[in-house]
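Counting convention: from 1, in listed order, for ligands and their atoms alike. The structure presented is a predicted model; accordingly, all values stated were derived computationally and were not measured.
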Amino acid sequence: MDCLFCKIAAGEIPSNKLYEDQWMTAFYDIDPQAPVHFLVIPKQHIGSVSEINADNSQVVARIFERIAILAKELGLTDGYRVVTNIGAAAGQTVPHLHFHVLAGRNLGWPPG
Ligand code: AMP
Ligand code: ZN
């Protein structure tokens, strides 16, 4: 499948990697929207949240466990945001499940 994030997960396209294990890869966003902006993706192709189900949801729990650890390691004590976009109208541009982690500035609410 011709999927950018599958290729990043497989190491076929380089990324500025923060963390990797058998389940997931975390890497810095190429177009950061905050002083800290990284993405966490499952290695397995899942299109978006709308494709999460009982057979593949374990990786999502593992991703959130890891986000908590990475946020502590990066010292994000002033708060951070975890965002995932589903579909074009929500701003999803890469059709492989990814969680944005943003921090380092006042993020504002509601999002634009
Ligand atoms: P979304 O718009 O929610 O689908 O998020 C996709 C994100 O992937 C955007 O924030 C892009 O800047 C980011 N992105 C696209 N290509 C790359 C890449 N090769 N390496 C790192 N981040 C990327
Ligand atoms: Zn993919």
Could you pull out all residues at least two apart from Glu51 that satisfy salt bridge (charged side-chain N to carboxylate O under 4.0 Å, His left out)?
-> none

CG of Asn53: more than 12 outside heavy atoms within 6.0 angstrom?
-> yes

State the NZ-OG1 distance between Lys72 and Thr77, to the nearest 0.5 angstrom.
-> 11.5 Å

Judged by atom type as modelled, is there a donor-acceptor pair below 3.5 Å linking the side chain of Lys43 to the main-chain atoms of Glu20?
-> no

So do Thr25 and Phe5 actually touch side chain to side chain, heavy atoms under 4.5 Å?
-> no

Ligand 1: protein residues within heavy-atom distance under 4.0 Å | Leu4, Phe5, Ile8, Phe27, Tyr28, Asp29, Ile30, Asp31, Leu39, Asn85, Gly91, Gln92, Thr93, Val94, His98, His100

So do the side chains of Asn56 and Gln44 get within less than 4.5 Å of each other, counting heavy atoms only?
-> yes

Is the count of non-hydrogen atoms from other residues, nucleotides or ligands lying under 6.0 Å from Asn106 atom CG greater than 12?
-> no

Which residues satisfy the salt bridge (charged side-chain N to carboxylate O under 4.0 Å, His left out) test with Asp2, sequence neighbours excluded?
-> Lys7

Listed as residue and atom, the protein N/O/S atoms under 2.8 Å from the Zn ion (ligand 2) are Cys3 SG, Cys6 SG, His45 ND1, His96 ND1

Measure centre to centre between the rings of His100 and His98, then say whether the value is under 6.0 Å.
-> yes

